[in-house]
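The block underneath contains the structure these notes are about, expressed in structure tokens.
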Amino acid sequence: MEPIQWSRWMSVGNDALDEDHRVLIAIVNRLYDEAGRQDPTLIEAVLGELIAYTRHHFAEEEAQMLRLNYPTFAAHKALHDRLTQQVEAYRNDFRANGGNLSGEEVFLFCSDWLGKHILREDTRFGEYADSEATLAVSVAE
């Protein structure tokens with residue numbers, strides 16, 4: 001098990017969205033080390049931060065998608081909604097079961113989801129946004 005490492009392959013070509021992704025990675029990576037994965041207070045804090053920050057980030061990303069008329073917006077938004085629901089379910093389970101949820105389980109789920117989502121879905125949007133910007137420049141000329 002390795003912490004999530006930001007790479008240039010994760011860049012979507014938008015500084016604000018890339019920075020949001022770095023923040024999300026940093027939040028998830030707080031559960032990377034063994035001590036963090038065993039600390040119920042930290043696990044609950046990370047789940048809370050993830051819920052709050054993903055809501056903020058997803059709202060911004062979705063607003064940009066709508067502005068650019070992104071053709072697969074609905075499917076992308078559905079992925080965001082499912083992740084938010086899953087992390088909320090983890091937090092609810094954690095609270096209901098006295099902290100029996102494993103920090104490792106949360107780390108593995110979130111790191112896998114986040115890495116795949118950025119590399120597959122968000123970079124696709126970045127390419128679309130870049131092509132739309134290029135098209136707008138060429139039309140303006």
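Side-chain atoms are counted along with the backbone in the values below, which use heavy atoms only and exclude waters and symmetry mates.
- Taking 4.5 Å as the limit, every side-chain heavy atom of Glu61 sits out of range of all side-chain heavy atoms of Gln64.
- Taking a cutoff of 4.0 Å between a charged side-chain nitrogen and a carboxylate oxygen, Arg91 and Glu44 do not qualify as a salt bridge.
- Checked options Phe73, Phe125, Phe58; the residue passing with His80 is Phe58 (criterion: ring pair (Phe, Tyr, Trp, His ring centres under 6.0 Å)).
- Checking side-chain atoms of Asp18 against main-chain N and O of Val12 turns up a donor-acceptor pair under 3.5 Å.
- In this structure, Phe107 and Ser102 have side chains that are not in contact, with every pair of non-hydrogen atoms separated by 4.5 Å or more.
- Within the 4.5 Å cutoff, the side chain of His117 has heavy atoms near those of the Asp122 side chain.
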Exercise. Given the rule in the side-chain contact (heavy atoms from CB on, under 4.5 Å) test, do Leu17 and Arg22 qualify, once you have shown the distances and angles that lead to the verdict?
Worked result: CA-CA 9 Å; Leu17 295 180; Arg22 285 184 187 97; over 6 Å; no
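- Between His76 and Glu62, the side chains place no donor N or O within less than 3.5 Å of an acceptor N or O (distance only, hydrogens not considered).
- For the atom pair CD1 (Ile4) and CD1 (Ile27), the distance works out to 10.5 Å, reported to the nearest 0.5 Å.
- With sequence neighbours excluded, the residues satisfying ring-ring contact (aromatic ring centres under 6.0 Å, His included) with His21 are His57.
- Residues Val46 and Leu50 form a side-chain contact, since some pair of their non-hydrogen atoms from C-beta on lies under 4.5 Å apart.
- Looking at heavy atoms from C-beta onward, Trp9 lies out of side-chain contact with Thr123 at the 4.5 angstrom threshold.
- For the atom pair CD1 of Ile118 and CH2 of Trp6, the computed distance is 6.0 Å after rounding to the nearest 0.5 Å.
- With hydrogens and angles disregarded, no donor-acceptor distance shorter than 3.5 Å links the side chain of Tyr70 to the backbone of Ala129.
- Between the side chain of Thr54 and the main chain of Ile51, a donor-acceptor pair closer than 3.5 Å is present.
- No more than 12 heavy atoms of other residues, nucleotides or ligands lie within 6.0 Å of CZ in Arg120, so this atom counts as exposed by the packing criterion.
- Side-chain contact between Gln5 and Ser7: absent, with no pair of heavy atoms (C-beta onward) separated by less than 4.5 Å.
- A salt bridge (Lys or Arg N to Asp or Glu O under 4.0 Å) check over residues 47-56, counting only residues at least two apart or in different chains, returns the pairs Arg30-Glu49, Arg55-Glu88.
- Taking all atoms of both residues into account, the shortest heavy-atom contact from Cys110 to Val28 is CB-CG2, 3.7 Å.
- Ion pair Arg124/Glu121 flagged as a salt bridge, since at least one NZ, NE, NH1 or NH2 atom sits closer than 4.0 Å to an Asp/Glu carboxylate oxygen.
- The pair Asp81-Lys77 meets the salt-bridge criterion, since a charged nitrogen lies less than 4.0 angstrom from a carboxylate oxygen.
- A donor-acceptor contact shorter than 3.5 Å is absent between the side chain of Tyr53 and the backbone of Gly48.
- With hydrogens and angles ignored, the 3.5 Å screen pairs a side-chain donor or acceptor of Asn97 with a backbone N or O of Asp93.
- If you look at Tyr90 and Phe109, their ring centroids are closer than 6.0 Å.
- Contact between Met10 and Leu119 at its shortest, heavy atoms only, is CG-CD2, 3.9 Å.
- Thr72 has its side chain out of reach of Met65: every pair of non-hydrogen atoms, C-beta onward, lies at least 4.5 Å apart.
- A 4.5 Å side-chain heavy-atom check between Ile43 and Asp39 finds every atom pair outside the cut-off.
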